[in-house]
Amino acid sequence: MLSLREKDRPVVRKLLSAGCCARCVLRFCCVGSSSAYRRSYEDMHKELLAFVSEENSAQSHDAPGEGETDDPPNKRMRVDEDRVTPAEPDSNICPVCLGVLQDFCHPTFAKQVSDAVKKQQFEFDSLVLTVSLPAQLSVREHSCWLHVRKEVREKSMCLGKDDVIQVKDAFKWAVQGKIGQELGAAVLANSPCEVSVGFIHPETEEDCHFLANTCPDCFKPTKNKASIFTRMAVVKALEKISDEKFSRNYPCPPKKPNTRCSALDTSCLHTSVFIAGRYNKFSRELPQTPWVIDGERRMDGSVEELIAAPLLSSFRADGFNFSSSGREDVDVRTLGNGRPFALELLNPHRTKFSRTEIKQLQETINQSSDKIRVRHLQIVTREATSRMKEGEEEKTKTYSALIWTQKAIADTDLDFLRNIKDLKLAQKTPLRVLHRRPLAVRQRLVHSMSAVHLDTHHFTLKLCTQAGTYIKEFVHGDFGRTKPNLCDLMKTDADILELDVESVDIDWPPAIPD
Amino acid sequence: MEDSGKKGPSVIERYFTRWYRTDLKGKVCEDHCILQHSNRICVITLAESHPILQNGRKIKNINYQISDGCSRLKNKVSGKSKRGGQFLTEFAPLCRITCTDEQEYTIYSCIRGRLLEVNEAIMNKPDLLLERPSTEGYIAVILPKFEESKSITEGLLTREQYEEVLAKRNQQEEPC
C-alpha cells in the first residue's frame, strides 16, 4: 500500500498535475517506509490515480470543513487526469527527479550497476551505495517544495523541507536491495567498499545559473572545480534565497524536461589497506624510492618497488604510497632489525588474507631480491601507521661509519670519542638537500660515540644519535655548516667513506614471531 | 688503505662541479670559483689564484653591506621555495674584503640566482677564508632558477680551461 493519508490527497493531486512521478509524490507526502519505494512503478502509479479519484466520492462526505477550497482542486483534478492518464509513465519524465526515481529505479538498472561492479572482480561482503545527483535537482526540489507548501499552508499544515524524503534516499531504497542481492553483499550505511552511481542532466544545467546573480557570494571560483555550481554551493544559495525572489526567477512547479538523466559509469572503490613491516637494505646502489632526475631514471629498482610489487598483485591494488620512519641515502645500507615502513595499497580488490598468506607474501618479497629483506609483515590500520611517524624526533638511531682522516691516527687518538656524551649539534640544512627543504638550523644530539681503529687513516665510528641527525654532514662538516663536526673534534680533515644504519629504535610494527 | 694520507675523491669532487670566472670585471687575477652541486645549488668561493690568497696576505675586514640600502646579512629565505631571498645577477657584489695592506676586493655573485645564505663564520674568523677557501671559507650559497640551472654555467670556465689560463699567466710571468 502507499501509506498515504487523507490529508495528503490535495498534495498528491497537485504533484500529479505538475507531472511528478509516483516516487516523488510519495517523497513529498513524507512517506518514510523504504518498502513503499521498492514497488513497481506501474503499480504505484495506478494506485495513486485511484487514490486521487477516490476523493471525488469522498468529497461530498467531508465537505463542511473544507468547503471553500473545493472548487479549484476539482478543476485541477480534471486537468491532471487528462494529462496523466493517456500518457505512458515512461515517456513522462518527472520534472523534479528528472527520471532518477523512474526508470533508474527499475531492477534492470540495479542489474546494470551490479554487472559493472562484478566486472571489476572485487572481493567484499558489504558495500555502501553512494549517489551523485546533478546540482540542479536541488533547485527543482526547492521549486516543487514551494509549490506544495502553498497548498499545505492553506490547509494550515506545515511541511518542513527536512520532512521531504530525499531523492537519494528514495533511490537507494528502491534499488539497493536488488544490488545487494546480485552482488551477494550486504548494503550498509558504512562499508570500506563504496559503489558510486552518478547522474547528469545537461539539458537543465542552466537551472542553477540565476542563483549566481541572487547569491553571488555562494559561488566563488575555485581552482579545482570545473564549474562553480557545485551541489554544496547550490544548496547554500537555496538556503539563503527568499521565497519571493526564488519564484520571480524560477517557475513553480519546475518545467517538464524533454530528456531524462544519463547515468555515469558505475565506479567501485575500496578504502586503502595498510601493510607494515621492517626492511633491511643490503645494497649501496639501491635507492629507497625511484630516483628520477630530469624525467630520467638514475638507478634500477628501489626498496619501495621491491616491497610493493608482490603486494600490489596479490591485493590487486591500483597503486600504493610508501612511507617509512626516516630514509637512507642510496649508498647507505640498513642493517640490524631494519627500518619500519608502511605501505598504503590504493583501491585493493582483495583485502582478506590469513596470517599464513601474509607470511607467504613476505617470503615472496624476500625471494625476489637479495638487496632487501622484510620482516614482521602485517596488515595494520590507517591510525596505527601514525605511530611510525609520531615521536620521530625523540627516537634514536645507531649508525656505523667508515671514516678517513687526513692526519695519521693511532688507536689511542680515538679514545676521547667514547667520553663525549649528548653532544649538541647545530646543523644547517645540508647543501645536499637544501634545494627541496627549507633553510633552517636544527639542534640535534649525538648521544654517544665509539671507534674501532682500522689503520693510520681509517677507523669505524659507531654513533647513537637523535633521529633526524645528518650523519654525513656531521663527519665532513658540510662547508662548516654543521657545528661542531668530526673534523673539529679530531682537529683534522675527515671524510665518510661508507655508512650503515645499525638500528632504528622504534618498536613498531609489533614483532611477529616466526 | 695503510698509509693513504690521500684517499679517494673529496666531498667537493664527489658531489660538485667546479666552474671558474677569471679576472672579474677586468681586474687581473681576481678569479672566482663556483661549486655547483648536482642538485643545482651553487657555492661561491675564491679561486686559489685570487690575490687575497697570495703572498701571505691578511684580512682586515669582510663587509657584506654592499651599499647603504643593501646588506647581504639581511637576506632571509623561507619555506621550501626559498621565498624572500635577494635575487642576484652575475655582477651583483656579495661582499667587500679589505686586506691589512688596505687593498679592497669585491666578490661577485658570478651567476644569476637567489641568495640563500652568506657565510657569517668568516667575519669572526677571516683565517677560515685564507686557510680553507673552497670549503669552510666559502662566501655565499646561491640557488639558480630551475630552468636556468644548465645555462648559468655557459659563460664560465671549466677546471681545465681555468688551468690553461693559469698556465698562460705563468708564461707571461706577470705575478699577480
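Below, chains carry the letters A, B, ... as their sequence lines are ordered, and counting in each starts from 1.
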Got a donor-acceptor contact below 3.5 angstrom from the B:N119 side chain to the A:F479 backbone?
no
Find the distance between CG (B:L143) and CG (A:L431) and round it off to the nearest 0.5 Å.
11.0 Å
Counting only heavy atoms closer than 4.5 Å, note whether B:I41 contacts chain A via side chain, backbone, both or neither.
side chain
Per-residue contact mode, B:L35 against chain A (heavy atom under 4.5 angstrom):
side chain
Is the count of non-hydrogen atoms from other residues, nucleotides or ligands lying under 6.0 Å from A:K421 atom NZ greater than 12?
yes
Given that the side chain runs from C-beta out, which part of B:S134 has a heavy atom under 4.5 Å from chain A: side chain, backbone, both or neither?
backbone
Tell me, for B:K150 versus chain A, whether the close heavy atoms (under 4.5 Å) come from the side chain, the backbone, both or neither.
side chain
Any chance NZ of A:K407 has more than 12 other-residue heavy atoms, nucleotides or ligands included, within less than 6.0 Å?
yes
Atom pair CZ (A:R432) and NE2 (B:H37), whose distance is rounded to the nearest 0.5 Å:
8.0 Å
Let me confirm one number: the CD1-NE2 distance from B:I12 to A:H476, rounded to the nearest 0.5 Å.
10.5 Å
Does this structure show an ion pair linking A:D331 with B:R14, if we count only N-O contacts that are shorter than 4.0 Å?
no
For A:E296, look at atom CD and say whether over 12 heavy atoms of other residues, nucleotides or ligands are found less than 6.0 Å away.
no
May I ask you to decide whether A:R481 forms a salt bridge with B:E136, counting only side-chain N to carboxylate O separations under 4.0 Å?
no
Could you measure the distance from the CD atom of A:Q406 to the OG atom of B:S10? Nearest 0.5 Å is fine.
11.0 Å
More than 12 heavy atoms of other residues, nucleotides or ligands under 6.0 Å from CD of A:Q443: yes or no?
yes
Does A:D300 CG have over 12 foreign heavy atoms under 6.0 Å away?
no
So how far is it from B:R40 CZ to A:H435 NE2, rounded to the nearest 0.5 Å?
7.5 Å
Relative to chain B, which segment of A:K428 carries a heavy atom at a distance below 4.5 Å: side chain, backbone, both, or neither?
side chain
Within 6.0 Å of CZ in A:R297, more than 12 heavy atoms from elsewhere
yes
Donor-acceptor contact below 3.5 Å, side chain B:K82 vs main chain A:L434:
yes
